[in-house]
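Scroll down for the structure; my scribbles are underneath it.
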Amino acid sequence: MLKYVVKKAATWLLVAFLATNIAYFLAATFLEPRSNYRERNPAPTEEEIYRLLEPRNLHPDTPLLERWWTWIQGVLLHWDWGLSPVGDSVNDQVGFRIGVSAQLLFLSTILSVIIGVGLGVYTAARQYKFADRFFQGLSIVTINTHVVVISIIVVALGIWINELTGTRVFYVVGSSSNPGGGFFAWLVDALQHLILPTISLVIISYAGYHMMQRTLLLDNLGADYVRTARAKGLTRPQAIRRHALRTSLIPVATSVAFSVPGIFTGAVMTEVIFAWNGMGQYTIQTIQRNDVHGAVAVAAFGSAMVAVSAILADIVVVALDPRVRVS
């Protein structure tokens with residue numbers, strides 16, 4: 001297994017390296033860093049703009065290959081991903097925002113998977129009964145409701161609870177308030193900021209896992225190996241737990257693994273509504289600000305997350321399905 005993981009990691013590392021370099025050439029060709037200065041009032045002259053961009057390796061008159069060589073040397077030798085057109089460190093921005101997104105998205109993803117898979121198993125075992133129809137209807141409603149609508153409803157609910165209790169139970173915006181008082185005060189503050197956006201993300205995410213798990217489990221319940229297990233004396237719940245569930249979990253686990261990159265960079269609406277300065281917001285900002293180095297860093301992060309997800313998906317498949325053998 002270790003040899004297999006190392007081999008897969010090396011392959012994906014090469015893919016991520018190529019994808020990141022392609023992203024650099026595309027970003028350097030189509031993004032225009034000078035626009036960050038031309039919109040200022042008073043607007044600086046072209047000479048002043050070039051004088052600011054040159055030390056940031058963004059001078060448009062410098063040959064593209066020369067800029068790329070300077071950038072790739074900084075990345076490989078010093079892990080320096082460069083500066084934005086206005087002088088911000090890309091390393092600092094990405095490092096901070098990954099941490100912010102991780103706080104929000106890991107918890108919401110774990111809860112979405114647990115709730116979705118749990119409901120999928122529960123409703124599949126009660127096919128066409130009231131519980132199955134009720135939770136299916138609920139999931140259909142949530143999966144077709146826009147994230148903005150869900151987030152606004154959750155915000156309104158949080159404000160209503162704060163007004164009802166006469167104290168600040170939930171923070172509606174921001175990821176932290178930097179409270180003093182030690183670890184316990186920090187933990188309470190983090191939870192107050194985390195609960196509402198987490199609820200919003202769980203509501204819009206769990207339904208996909210619920211419907212997928214239910215469908216896959218129902219397909220496997222009619223398979224020959226499950227019918228054989230029932231014929232040998234296993235009850236329906238026992239056949240689900242011991243046989244059908246394990247097989248039906250494989251596509252769900254793979255789907256969860258490959259959703260990680262999109263989770264990090266795709267929760268734009270939620271981050272905007274709840275004012276979380278995470279990777280989703282940063283992804284949009286790098287394009288809006290024509291930030292070549294920032295956009296490439298986001299692409300590199302996405303490639304790295306895809307690589308990690310692919311390896312995790314393979315490991316999960318091997319763990320769940322004993323028929324799979326790794327050469």
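For the numbers below, each heavy atom of this structure counts, side chains included, while hydrogens, waters and symmetry mates do not. This is a predicted model, so every value here is computed, not measured.
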Q. Can you list the steps and then say if S151 with S200 is a side-chain hydrogen bond (donor to acceptor under 3.5 Å, both in side chains)?
A. CA-CA 5 Å; S151 298; S200 177; 2.8 Å; yes
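- Annotation: side chain to side chain donor-acceptor pair (under 3.5 Å) contacts of N57 (sequence neighbours excluded): none.
- Annotation: the span from F25 atom CZ to F30 atom CZ amounts to 13.0 Å, rounded to 0.5 Å.
- Note on ring orientation: taking the six-membered ring where Trp is involved, the planes of W81 and W71 are perpendicular (angle over 60°, cut-offs 30° and 60°).
- The closest side-chain donor-acceptor pair between Y209 and S255, if any, does not fall under 3.5 angstrom.
- When all heavy atoms of G294 and Y282 are compared, the pair lying nearest together is CA-OH, 3.5 Å.
- Of the residues listed (K129, Q213, H210, R133), the one engaging T123 in a side chain to side chain donor-acceptor pair (under 3.5 Å) is H210, and it is the only one.
- Of the N and O atoms on the side chains of N21 and W68, at least one donor lies less than 3.5 Å from an acceptor on the other residue.
- A pairwise comparison of heavy atoms in V121 and L217 identifies CA-CD2, 3.7 Å as the closest pair.
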Q.
Run S84 and H293 through side-chain hydrogen bond (donor to acceptor under 3.5 Å, both in side chains) and show every step you take.
A. CA-CA 6 Å; S84 73; H293 297 146; over 6 Å; no
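- Using a 3.5 Å distance cut-off with no hydrogens or angles, the side chains of E271 and S101 do pair a donor with an acceptor.
- Within 6.0 Å of the CZ atom in R56, the count of heavy atoms belonging to other residues, nucleotides or ligands exceeds 12.
- At a threshold of 4.5 Å between non-hydrogen side-chain atoms, the residues F184 and D189 do not count as touching.
- Put simply, the residue from L194, L105, T270 that forms a side chain to side chain contact (heavy atoms under 4.5 Å, CB included) with W276 is L194.
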